[in-house]
Amino acid sequence: MSTSTPAAHEAEKKRGAFSSRKVFILAAIGSAVGLGNIWRFPYIAYDNGGGAFIIPYLVALLTAGIPFLFLDYALGHRYRGSAPLSFARLSRPAEGLGWWQVGICFMIAVYYAAVIAWALSYTFFSFTKKWGDSPDGFFFGEYLKLSESPGVDFNVVAGVLVPLLVVWLAVIVIMVVGVEKGIGLTSVVGIPVLVVAFLALVIRSLFLPGAMEGLDALFTPNWEALTHAGVWAAAFGQIFFSLSIGFGIMITYSSYVHHDTDMPASGLVVGFANSSFEILAGIGVFAALGFMAQAQGVAVDEVVSSGVGLAFVGFPAIISEAPWGAFIGVLFFGSLVIAGLTSLVSVIEVVISAVRDKFDLSRPVAAAAVSIPCALISVLFFSSSSGLYVLDIVDHFINQFGILLVAFVSMIVVAWGIRALPVLSAHLSRTSNVVLGGWWKVLIGVIAPIALGYMLFEAFKIDIDAPYEGYPTWMLALFGWGSAAAVMLLGYFLAPIPWRKGTSLEDPESVDTRPVDTSSKGDLA
Amino acid sequence: MSTAAVIMMIVAILVVWGGLVVAIVNLNRSPSAVPDVDEVHRDL
């Protein structure tokens, strides 16, 4: 039985929709599982108590990550719009928060594509181990042709330009095709392939000599670490940045979900699937690092790294040394490409959805109007020999003073300014066997803001005390503080523009008293 | 691997992957209504 009214059906036809709960969940997992799961989690866990880290990690997942996921779901699912439209329907003056999130997503899309392009190149380089015996020199020198000192130049690096164009072409096609056949299909195919490829990588790594020493380094608990506030902040940070929460993605995706879908039950699957992949990545990465330590005759702690260094310097070294190295390389870099791509499309959909909702544009026109300028800026800055410097700065500042700040501010506004939590919890509990009672309001209204506020305070302190990574002040001012401030101001310019004809800013539920049909069990998916 | 490391690895796997299994089982028991096949909404 469906309870869709003709009006709701019409809106879905106009905006696009996921055809089933399964497609939505896979797309949400595709968004959450990104580069951070593979190259950030293993190091964070190792560096913050090893096996003991599981405790703050689970506490963070259950008290902040999943409750925050529910908040995003509630906003998008109840108000049935892109981030700005959902906030506008919640409360007209809150629309700016949605545009702030849109701006953040645009910025992220611009540089995230570059990392996927590098991984794409390295998938092919793995066959011939093109980095030779100097992965470090090859990556920064021969491949990126990184300029000697930080700055901005526009010297095109063809080796990066070509894969970057390929990535953007793929993204533009996916986005033009639409919500179900573009984003949905990418995840429905991509996520199972990613899981199988990564499982194969983990199994191969586990049979490498030294793998057990690597796992020992990752899982040996350091209980004393749990007494440090920094370790708990690291757990909340990892959960927060890993789940794609707080900057519009989940609001956008849940607006494409059928009105009666059980959102909290779906959210639990997404949250635990994301963490399951992180555990898998931890095992795979540390088994491989254990091998490298043994091959080089050093302790595991001398080879651990994260981020760009782990992926493009550490792993190539492992691939060169290990039996079946090319196999490991293709699986590792191929996984980065898939995990990155399913996240990139979710980030850019936030922008496209908002543009479609605001202006009277068809899907293909809106997709092209957003993706093509985004691709041009991306190519201009990140196929140049100064790309890595700019990427490093924008990434750091947009994460700390974009994502973290907007999440904190919007949480306070929704919980304490608009006092919307009772309405939102009632909406989610309506069709779910997970009832969001007082516990959820306490977690979202008190616990999560305290955790985010603490992280934000620490982040500000660090970046004000000393210039990030010693970059020149003008670069930090322009690409760091400047980009974080620019996206914040976006709402002031875009909110006053009228919505496309026929868009109601009323709460869709207030004019809709449909009964909930609970006669049919299970999902078709 | 040390005994403590083995135990923590098993705990982490059981809790997180077990949590995923429980979440999937719970989802399949969800009482929410779903669209009929002929009303599955397609994107434009």
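Residue numbers begin at 1 in each chain, while the letters A, B, ... track the order of the sequences. Atoms considered below: every heavy atom in the structure, side chains included; atoms not considered: hydrogens, waters and symmetry mates. Just so you know, these numbers come straight off a predicted model, no measurement behind them.
Within the 4.5 angstrom heavy-atom criterion, atoms from both the backbone and the side chain of V15(B) approach chain A. For V270(A), no part lies near chain B; criterion is any non-hydrogen pair under 4.5 Å. Looking at L280(A), both its backbone and its side chain come within 4.5 Å of chain B, counting heavy atoms on both sides. Proximity to chain B (any heavy atom under 4.5 Å) is shown, for L215(A), by both the backbone and the side chain. Neither the backbone nor the side chain of L218(A) comes within less than 4.5 Å of any heavy atom in chain B. With a threshold of 4.5 angstrom between heavy atoms, I55(A) does not approach chain B through any atom at all.
Residues satisfying the salt bridge (Lys or Arg N to Asp or Glu O under 4.0 Å) criterion with R78(A), sequence neighbours excluded, are D507(A).
At distances below 3.5 Å, at least one donor-acceptor pair connects side-chain atoms of D357(A) with backbone N or O atoms of S82(A).
Using the six-membered ring where Trp is involved, H427(A) and H259(A) have ring planes that are perpendicular, over 60° apart on the 30 and 60° scheme. Using cut-offs of 30° and 60° on the angle between ring planes, the pair Y256(A) and F18(A) is perpendicular.
Of all the listed residues (G51(A), A265(A), S276(A), G282(A)), the one sharing the greatest number of non-hydrogen pairs under 4.5 Å with chain B is S276(A).
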Inset, instruction - Decide salt bridge (Lys or Arg N to Asp or Glu O under 4.0 Å) for R15(A) and E349(A); before the verdict, give the C-alpha distance in whole Å, the side-chain angles of both, and the deciding distance to 0.1 Å. - result: CA-CA 12 Å; R15(A) 298 189 69 246; E349(A) 178 61 17; over 6 Å; no
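With rounding to the nearest 0.5 Å, the separation of OG1 in T63(A) from CG in L61(A) is 8.5 Å.
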